[in-house]
Visitor: 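Input: one structure, supplied below.
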Amino acid sequence: MKRTKRTRKALIISAVSILLSVAVLVGTTLAWFTDSVSNTGNVITAGNLQIDAYTYDLDMNNTSGKQYQVDGINQNRPFTFEQEGQNLKDPNAGAIISEELWEPGISNAKLLKVENTGNLATNIRLQFDVTDAGLMDALWFDFVQVDPVQGQFTQRPMSELNTLAQSTVVTLNKGESASFILVYGMNEDADNRYQGTSFSANVTIMATQATVEKDGFGNSNYDAQANGLPDQEWPAGGTVTITKPAGGWTDTVAAVVNASAHIPAGAIDESASSIVFSIVRQQNVDENVPVGNDQGAITYEITVTGLVQGNQEPITVELFVAKGLTGDVLLYHGSELVDNAQYDPQTGFITFTATSFSPFTVVFDSAVVTSFSQLKTAMETGGTITLGADIEVTETLKVESGKNVVLNLAGYDLKGVNPGSLLENYGTMTINGPVDSCVYTTDMEAQGRHAVVNYGTMTINGGTYGDSNTDQTDENRVQRGNAVRNLGTMTIRDGAFTAVDNGLNLGFAYAIANGDTSDKYPNASLTIENATVYGIMNGCIAGDDGKMVVNGGDYTLGRGTKGTSFRMVYTSGPAVVEVNGGTFVRNVDNNYAFFGVFYAYEEGHEGIIINGGVFEDKIHDTIKVDGMKNDGTYYTGYTVINGGEFLDELSGDYYKDNRYTYVSTLAELQNAIGEAEDGEVIKLTQNLTVSSDAEKIKWDYGVANYDDSSTKNVVIDLNGHTIYNTYNAPSYSNAFQWGGNSTLTLKNGTFDAGVGAGSVLLKSNASLVMEDVTVNSKVSNRAALKLGSSGTAELRRVTVNASEGACLEASDGTVNLYDCNFKQTGVSQGSDWYHSCITTSGQNPFSGWYDKGTVNVYGGTYTSEGYGVYILSSGGIVNLYDGTYTGQKAALKTSIDKKAYPDAVAEINLYGGTYSGALSQAEGTSINDLR
C-alpha cells in the first residue's frame with residue numbers, strides 16, 4: 001500500500017504590534033531669535049511623523065485589485081490582490097497571516113502597503129519577533145518591493161526573515177507610499193517531522209525621521225541623526241503607545257522606539273487599555289550617580305505604564321548608548337548599580353532587566369560627543385572622548401599644553417571645513433580609530449591645511465588621514481596639506497595616510513612630514529611602527545627637521561600612470577629619515593627620483609639612512625637617488641644604504657652603498673677577502689686580470705688573516721664585470737683558489753681564462769656557490785672548474801664554455817647543478833676524460849680512506865663533442881634528475897680501475913632527463929635507469 005505524505009501545520013504571523021511601534025518625534029527644541037524690531041504673526045509648527053499600514057489578501061478570482069508580476073514566482077503570472085485591505089491600526093485587526101492545515105508545497109502571498117500620512121520624510125523598516133515551535137526549517141519566504149516591482153523572486157529560508165527585513169530601509173516623502181509582497185510557503189520535501197509544529201512572528205513597522213527637509217540655512221543634513229537605524233548618531237528617545245489587542249494581553253509585547261522593551265504578559269495589568277513605553281534622554285546627569293572626572297554619563301527617563309501594581313516580572317530593555325566604548329560601562333537605576341546590565345561594544349546597546357522604572361544612567365570611561373561644540377569643549381577639558389557622529393570642524397581643534405586627551409574615532413569622521421589645520425596638539429594625545437574613520441581637511445585656498453599637527457606628544461593607533469573615504473584608489477580632492485605633520489614627539493602605530501592628488505586644486509603635499517623649514521623644531525621626533533601610505537600625492541614621507549624612524553608599513557606612490565608625484569622619501573636641511581623596515585613601491589611614470597636629500601647644512605650630510613625594508617620601482621629598471629651639489633649656500637647630502645632588499649638596482653650620484661665593499665684592483669680584492677666578515681659582499685667596479693700565480697685570488701695558507709677553521713661566507717659580486725686569467729702553469733692555474741672551511745659565493749659576471757688557465761679550484765672543506773656566472777676556458781687536460789674539497793658546491797644558472805678541457809671535475813664532496821648550460825668543444829691530445837661536460841673522480845686510494853665526487857643534476861643542458869657525463873676510473877656517483885645530455889662519443893660513460901682504486905665505485909642513476917648518444921658502461925660499474 002502506498003503511503004500518502006501529508007502533514008497538518010499551523011502558520012501564524014500576528015499583527016499585534018503593528019500600529020504600536022511607530023516612533024514619534026519627541027523632545028524637539030525650537031529656538032527663535034528676536035531684537036528690538038517688532039514683527040507679529042511668526043509661528044513655528046513642529047513637523048508631524050505619522051504612517052498608516054494596510055494588508056491585502058490574494059484575490060483568488062483575479063478580478064478586483066491591483067496586479068503585480070514578479071519574475072521567478074507564480075509561473076511568471078501576475079499576483080492579483082483584493083481591492084479592500086485591512087487597516088492595521090484598527091485595534092480589532094486580525095493576524096496578517098493565519099494558515100491552518102498546511103502541507104508540503106503549499107504557498108501564499110500578502111500585499112503590505114505603508115503610507116506616509118505625516119508631513120516629515122520618513123524611513124520605513126520592518127522588524128519581526130519570531131517564535132519557532134519546530135516548523136521554521138520547513139518554510140520559505142521572500143519580500144519583493146512593488147510599485148514598481150524591484151528585483152525578482154528569490155526563495156529564502158524562513159530563518160532569514162528578520163535579517164532581510166531589517167536590512168531593507170525605504171524612505172518616504174510626505175504623501176508617498178511603499179508596497180511589499182510577502183510570498184511564503186512550505187518546502188515540497190518537508191516530511192513527517194513537522195507534523196504538529198507551528199511558527200509565529202510579530203511584525204513591527206518602524207518609522208523614523210529621514211534626512212530630507214532643509215532648515216532655514218538650506219542645510220538638509222540638520223536631521224541626519226534621525227537615520228532610522230540604531231547607531232551613535234541617534235540619541236535614544238521616543239514614545240510608543242500599544243493598544244490592547246482584541247484577545248487581551250496574552251503574549252509578550254515588544255515596544256520599540258529608539259530602544260526596545262520586551263514586556264511579558266504577566267507584567268501587564270489586564271485592565272489596562274494600553275501600554276505607553278517612553279524613553280527621553282535628559283539634559284543633565286542624575287546627581288545621585290557617582291561619575292568620575294575621566295568618565296562620561298548619560299541619564300534617561302524610562303517609563304512603562306499599564307503594569308500590574310508591584311510588578312515582579314522582569315522586563316528586558318535594550319538601550320542604545322554608543323559603539324566601541326572601552327573600559328567599564330555601568331548602568332545605574334536611580335543611585336543603585338544594575339548588576340545584570342550587559343554592554344555590547346559592537347552594537348552599542350546595553351541590555352538589562354527591570355521590574356520598575358525611573359531614571360537610568362549609563363556611566364562609561366569616555367565622553368561621547370556628537371557635535372563640534374561638544375568635541376571642542378571635551379578637548380579643552382581633557383580625558384577620554386568618543387565620537388558619536390560624523391562631525392564638521394569649523395575651527396582648528398586644539399589640545400592645550402598640560403591636557404591629556406584620548407580620542408576614539410569609533411567609526412566616525414572628522415571633516416575640517418575651516419581655513420587651516422583640523423587638529424593641533426600641544427599636550428598629550430592618543431587617537432584610536434578603525435581605518436573607516438576619516439580625518440581630513442577640505443579648505444583648498446592655500447598649502448598647509450594639515451589634518452593633524454603635533455607640537456606635544458601624540459600616538460596614532462589607526463584611522464584614515466587625508467582622505468574623505470577609505471577606497472584608497474579613487475581621485476582625492478581633499479587634504480591640501482600633510483595628513484600628519486609632527487613638530488613634537490609622535491608615534492604612529494597604525495593608520496592610513498595620504499594627501500590631495502598632486503596638482504588637483506593646486507595641492508602639493510607629502511602624506512607624512514616631520515619638522516619644518518623654520519629651524520625651530522630640531523628635536524622633532526617621529527617613529528612609524530606601521531602605516532599604510534598611498535595615493536598620487538607629492539610624495540610619501542618627508543623630513544624637514546629632526547629625525548623620523550620608520551620601522552614598518554606599506555608605502556605606495558602612484559598607480560602606474562603618468563603624473564607629477566615626486567619622491568618616496570625626501571629630506572631637506574638637517575633632517576634625518578631612518579628606514580629600518582617596510583615595503584616601498586614607486587609606481588609613477590615620470591623621471592623623478594625614489595630618494596632625495598636636498599639643502600643640507602653640512603657637507604656629506606646623511607639625510608636618508610636605509611637599514612632595512614623592501615624597495616621597488618614598478619616603472620623603471622633602477623631606483624633613482626638624487627640630491628643637489630654644493631652651491632655655496634647649501635651642501636651636498638646623501639642617501640646611505642646600509643641594508644634592505646632592493647628589487648631594482650640603484651642609480652644616481654647621491655648615495656653611499658655601505659652594504660658592499662667596492663674594489664677596483666686585485667690587491668684591493670685580496671685585502672677585502674682577508675678582512676671580510678661573514679656574509680660581507682665585495683663588489684667589483686671594473687674588469688680585473690690575473691696574469692701570474694702571485695696574482696691568484698686566494699683564501700688559503702699564506703694569505704693574511706687566513707684561518708683554516710673559519711666558516712665565513714665571502715660574497716664576490718662581479719657586478720657585471722669580467723675576471724681574465726691569462727697565465728698557464730704546470731699545475732692548476734685557476735684565477736681563484738679557495739680552501740679551509742669557508743664558502744665562496746661568486747655571482748653576476750664572467751670568468752675568461754686563456755689557454756691552459758682555469759677559473760676556480762676548491763680545496764679542503766671549502767664550499768662554493770655560483771649564480772648567474774659565465775665561465776669561458778681553454779684549458780687542456782684540466783677542467784674549467786676543479787672542485788676537490790669535501791664541501792658542497794651549488795651552481796645555479798652557470799654557463800661554462802670549455803675548449804679542449806672539461807667543464808667541471810668533482811673529485812670530492814657534493815656538487816649540485818641547477819639550470820646550468822655546459823658546452824665542451826674541441827679534442828686535445830690528452831686523456832679522453834677531459835672531453836666531457838661533467839667528470840667525477842676519486843682520490844687517495846692507498847692512504848686508508850677514499851674520497852669520490854658526487855654530482856646531482858636538477859636541470860640544464862650539457863653538450864659535448866666527447867662525453868656528456870664521464871666517470872673516471874677512480875670512480876664517482878652521478879644522479880641525473882632532469883636535464884638534456886648530448887655526447888658525440890657517448891652521452892654517459894663509466895670506467896673503473898679496481899687495481900689502482902680498490903674502493904672505487906662508479907655509478908650513474910637516471911631519475912629523469914633526455915639523452916642523445918650512447919650509454920657506455922664499463923664492467924664493474926652501473927648505469928641505472930630509474931625513470
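Predicted model only: the values in this text are computed from it and were never measured. No hydrogens, no waters, no symmetry mates; every other heavy atom, side chains included, goes into these values.
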Visitor: For F595 and F615, I'd like to know if the aromatic rings sit close, meaning centre-to-centre distance below 6.0 Å.
Guide: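 F595 vs F615: aromatic centres under 6.0 Å.
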
Visitor: By the ring pair (Phe, Tyr, Trp, His ring centres under 6.0 Å) test, which pairs, at least two apart or in different chains, include something from residues 909-931?
Guide: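 Residue pairs with at least one partner in residues 909-931: Y881-Y911, Y885-Y915.
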
Visitor: What closest approach, in Å, do S841 and E809 show between heavy atoms, and which atom pair accounts for it?
Guide: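 Heavy atoms of S841 and E809 come nearest at OG-OE2, 2.9 Å.
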
Visitor: Checking the side chain of N725 only, and the main-chain atoms of T689 only, is there a donor and an acceptor separated by less than 3.5 Å?
Guide: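 Looks like no, no N/O pair under 3.5 Å.
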
Visitor: Pair D772, R797 - check salt bridge (charged side-chain N to carboxylate O under 4.0 Å, His left out), show working.
Guide: CA-CA 5 Å; D772 303 305; R797 301 175 302 280; 2.7 Å; yes

Visitor: Here's a test for you: under ring-ring contact (aromatic ring centres under 6.0 Å, His included), which of F822, Y867, Y870 qualifies with Y862?
Guide: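 Of all the options given, the one that passes is F822.
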
Visitor: Do D494 and N530 pair up side chain to side chain, a donor and an acceptor below 3.5 Å, judged on atom types alone?
Guide: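 Checked: D494/N530 side chains pair up, N/O donor to acceptor below 3.5 Å.
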
Visitor: What distance separates K893 NZ from I871 CD1, expressed to the nearest 0.5 Å?
Guide: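 Between atom NZ of K893 and atom CD1 of I871 there are 11.0 Å.
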
Visitor: Going by side chain to side chain donor-acceptor pair (under 3.5 Å), N642 matches just one of D657, N580, N611. Which one?
Guide: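 That would be N611.
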
Visitor: For the NZ atom on K618, are there more than 12 heavy atoms of other groups (residues, nucleotides or ligands in this structure) within a distance under 6.0 Å?
Guide: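 Atom NZ in K618 is not crowded, with 12 or fewer foreign heavy atoms closer than 6.0 Å.
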
Visitor: Can you see whether T745 engages N713 through a side-chain donor-acceptor pair at a distance of less than 3.5 angstrom?
Guide: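 Judged by distance alone, the side chains do pair up.
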
Visitor: Which atom pair, heavy atoms only, marks the closest approach of T532 to Q472?
Guide: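 Result for this residue pair: CG2-OE1, 4.2 Å.
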
Visitor: Of the options V798, T839, L795, V800, which is the one that meets L808 in a side-chain contact (heavy atoms from CB on, under 4.5 Å)?
Guide: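 Answer to the side-chain contact (heavy atoms from CB on, under 4.5 Å) test with L808 among V798, T839, L795, V800: L795.
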
Visitor: Rounded to the nearest 0.5 Å, what's the gap from OG on S565 to CZ on R559? Could you check?
Guide: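 Between S565 OG and R559 CZ, I get 9.0 Å after rounding to 0.5 Å.
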
Visitor: Without hydrogens or angle criteria, can the side chains of Y706 and K698 be said to hold a donor-acceptor pair below 3.5 Å?
Guide: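 Their side chains do not contain a donor-acceptor pair, so the 3.5 Å distance test is not met.
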
Visitor: Taking atom CG of L669 and atom NZ of K683, what is their separation to the nearest 0.5 Å?
Guide: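 L669 CG to K683 NZ: 14.5 Å, rounded to 0.5 Å.
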
Visitor: Is the CD atom of E677 crowded by more than 12 outside heavy atoms at less than 6.0 Å?
Guide: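 Result for CD/E677: open.
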
Visitor: Would a 4.5 Å heavy-atom cut-off, applied to side chains only, mark E649 and D621 as touching?
Guide: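 E649 does not reach D621 side chain to side chain.
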
Visitor: Please step through salt bridge (charged side-chain N to carboxylate O under 4.0 Å, His left out) for the pair R567 and D626, ending with a clear verdict.
Guide: CA-CA 10 Å; R567 299 165 188 86; D626 68 354; 2.9 Å; yes

Visitor: Are any of the side-chain heavy atoms of T571 and V597 separated by less than 4.5 Å?
Guide: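 Yes, at least one pair of side-chain atoms sits under 4.5 Å.
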
Visitor: Atom CG of N748 and atom CG of L684: how far apart are they, to the nearest 0.5 Å?
Guide: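 Reported to 0.5 Å precision, the distance equals 11.0 Å.
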
Visitor: Do D882 and Y858 have side chains that approach each other closer than 4.5 Å (heavy atoms only, starting at C-beta)?
Guide: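 The answer is no, as the side chains (C-beta and beyond) never meet within the 4.5 Å cut-off.
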
Visitor: With distance as the sole criterion, is a donor-acceptor pair present between the side chains of E695 and S691 under 3.5 Å?
Guide: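 Side-chain D/A pair, E695 to S691: present.
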
Visitor: Are any of the side-chain heavy atoms of L785 and F751 separated by less than 4.5 Å?
Guide: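 Sidechains of F751 and L785: no contact.
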
Visitor: Would one find more than 12 heavy atoms of other residues, nucleotides or ligands at under 6.0 Å from atom CG of D471?
Guide: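 Yes, the 6.0 Å shell around CG holds more than 12 heavy atoms from other groups.
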
Visitor: Show your reasoning for whether salt bridge (charged side-chain N to carboxylate O under 4.0 Å, His left out) applies to K712 and D678.
Guide: CA-CA 4 Å; K712 73 178 182 180; D678 182 38; over 6 Å; no

Visitor: Search all heavy atoms of T661 against all heavy atoms of A672 and return the closest pair with its distance.
Guide: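 Of all heavy-atom pairs spanning T661 and A672, the closest is CG2-CB, 4.2 Å.
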
Visitor: Any donor and acceptor pair, going by atom type alone, linking the side chain of H835 with main-chain N or O of E865 inside 3.5 Å?
Guide: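 Pair absent, no side-chain N/O of H835 close to backbone of E865.
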
Visitor: Hey, does Y660 have a side-chain heavy atom less than 4.5 Å from the side chain of D717?
Guide: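 Counting from C-beta outward, D717 and Y660 never come under 4.5 Å.
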
Visitor: What pair of heavy atoms forms the shortest contact from A904 to I896, and how long is it?
Guide: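 Nearest pair, atom of A904 first, then I896: O-CD1, 3.6 Å.
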
Visitor: Among F594, F584, F497, which residue meets the ring-ring contact (aromatic ring centres under 6.0 Å, His included) test with Y555?
Guide: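 It is F584; the other options fail the test.
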
Visitor: For D929, look at atom CG and say whether over 12 heavy atoms of other residues, nucleotides or ligands are found less than 6.0 Å away.
Guide: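 Atom CG in D929 is crowded, with more than 12 foreign heavy atoms closer than 6.0 Å.
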
Visitor: Let me confirm one number: the OG-CG distance from S920 to L892, rounded to the nearest 0.5 Å.
Guide: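 So the gap between those two atoms works out to 9.5 Å.
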
Visitor: Rounded to the nearest 0.5 Å, how far apart are CG of L930 and CD1 of I908?
Guide: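 The distance works out to 12.0 Å.
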
Visitor: Looking at residues at least two apart in the chain, or sitting in another chain, which of them share a salt bridge (Lys or Arg N to Asp or Glu O under 4.0 Å) with E675?
Guide: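 Listed in chain order: nothing, the list is empty.
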
Visitor: Are the side chain of T925 and the backbone of A922 linked by a donor-acceptor contact shorter than 3.5 Å?
Guide: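 Yes, the answer is positive, given that a donor and an acceptor are paired below the 3.5 Å cut-off.
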
Visitor: Looking only at atom types and distance, does a side-chain atom of T527 sit under 3.5 Å from a main-chain N or O of T491, one as donor and one as acceptor?
Guide: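 No.
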
